Protein chains: 2
Amino acid sequence: MQRVFEALSSPVRRKILAYLAHADLTAGEIAARFEISKPAVSQHLSVLENAGLVASEKKGQFVHYSLVADALANTLNGYVQEVCPVSRPLKKESAALASKSAPPTSD
Amino acid sequence: MQRVFEALSSPVRRKILAYLAHADLTAGEIAARFEISKPAVSQHLSVLENAGLVASEKKGQFVHYSLVADALANTLNGYVQEVCPVSRPLKKESAALASKSAPPTSD
DNA sequence: TCGGTAATTAAGTAATAGCTTACACATACG
DNA sequence: CGTATGTGTAAGCTATTACTTAATTACCGA
């Protein structure tokens, strides 16, 4: 849990997760989307993988990264339940799900 | 959002939130629950307040802190929806709610 | 086998976070 | 008033984090 929140504290790492939410990507494809060096991205990926938020699979010379959505959802939802007075946040989420339109969130 | 995740990356700050989930507390009461100095705790409280996760109210010489549960729930639930393939995590949460027993989570 | 590409590891540096002590400020109360 | 108590601010130190470049490892294809 500590590792998850630590991983999520970085904007770069949250952006990586957002990319992986749409499609699996290789390390190089991810790095190409940022202006920082490839080793820097590689380190971010390590942090995410150690937190269990992404998984990697080597295919030839490429390493494909994918989102572990369960880990993220379970950790965050679990934490919300733990800290918040259980009933309300779930209601809100249900409402959000029902309306089906994601409210504008800025990072 | 950045401030929220940054705030949550610290174990001390998450522990403060956990305390405030059960009851409002003064700065001193919070500080007494940690082994670090009072100024250190005060700084953590500032971070949490800047993130909108706690609110403070001065009463006489005391400052009472309270959890802003909505901010936490909305931010985290919103983020989960943003990153995860919408349907599954909600199902899981519904199941957890139905079973009513919080699954063992360790920090 | 050799050169090229993908990715990570290593080493070093600069910025940042978190802590401490000392101080300042406000309120309470004799 | 003047002293004590609760809280927050300031300054400084240390440890960690995030980045860089250079070197290394692994794989591919001619």
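Note on naming: letters A, B, ... go to the chains in the order of the sequence lines (proteins, then strands), and numbering restarts at 1 for each one. As the structure is a computational prediction, the values presented were derived from the model and not from experiment.
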#### Entry: Pair listing, side-chain hydrogen bond (donor to acceptor under 3.5 Å, both in side chains) test, anchored in residues 16-25 of chain A, at least two apart
none
### Query
In terms of the nearest nucleotide of DNA chain D, which residue is placed more toward the 5' end: Leu45(B) or Val12(A)?
Leu45(B)
### Task
Would you mind reading off the distance between Ile16(B) atom CD1 and dT7(D) atom C1', rounded to a whole angstrom?
14 Å
### Query
Going by heavy atoms in the side chains, are Pro11(B) and Gln2(A) under 4.5 Å from each other?
yes
#### Entry: Pairs meeting criterion ring pair (Phe, Tyr, Trp, His ring centres under 6.0 Å) with involvement of residues 49-74 of chain A, two or more places apart
none
### Proximity to DNA chain C (any heavy atom under 4.0 Å), residues of residues 24-39 of chain B only
Ile36(B), Ser37(B), Pro39(B)
#### Entry: Whole-Å distance separating the CZ atom of Arg13(A) from the C1' atom of dA18(D)
9 Å
### Query
To the nearest angstrom, how far is Gln43(A) atom CD from dA22(D) atom C1'?
14 Å
### Query
Starting at CD of Glu6(A) and ending at P of dA17(C), how long is that distance when rounded to a whole Å?
13 Å
### Task
Please report, rounded to the nearest Å, how far the P atom of dA7(C) is from the CD atom of Glu49(A).
14 Å
### Query
Quick one: are Ile36(B) and His44(B) in side-chain contact, heavy atoms under 4.5 Å?
yes
#### Entry: Separation of dT17(D) P from Phe5(B) CZ (nearest whole Å)
19 Å
### Task
Return the value, rounded to whole Å, for the distance between atom NE2 of His64(B) and atom C1' of dG8(D).
16 Å
### Contacts of Ser37(B) that satisfy side-chain contact (heavy atoms from CB on, under 4.5 Å) - sequence neighbours left out
Pro39(B), Ala40(B)
### Summary
B/S/- along nucleotides 24-30 of chain C (protein heavy atoms under 4.0 Å) is --SBS--
### Message
Assigning hydrophobic clusters by single linkage (Ile, Leu, Val, Met, Phe, Trp, Tyr; side-chain heavy-atom cutoff under 4.5 Å), is Ile16(B) placed with Val68(B)?
### Response
no
#### Entry: Close side-chain approach of Thr75(B) and Leu53(B), heavy atoms under 4.5 Å
no
### Query
To the nearest Å, how far apart are Glu57(A) CD and dA7(C) P?
14 Å
### Message
Whether His44(B) contacts dC19(C) is assessed here as follows: a side-chain N or O lying under 4.0 Å from the phosphate OP1 or OP2. Is that the case?
### Response
yes
### N or O in side chain of Tyr65(B) less than 4.0 angstrom from dG6(D) OP1/OP2
no
### Query
Got a sec, which residues hit side chain to side chain donor-acceptor pair (under 3.5 Å) with Gln61(B), two or more places apart in sequence or on another chain?
none
### Query
Do Leu45(A) and Val63(A) come within less than 4.5 Å of each other through their side chains, counting heavy atoms only?
no
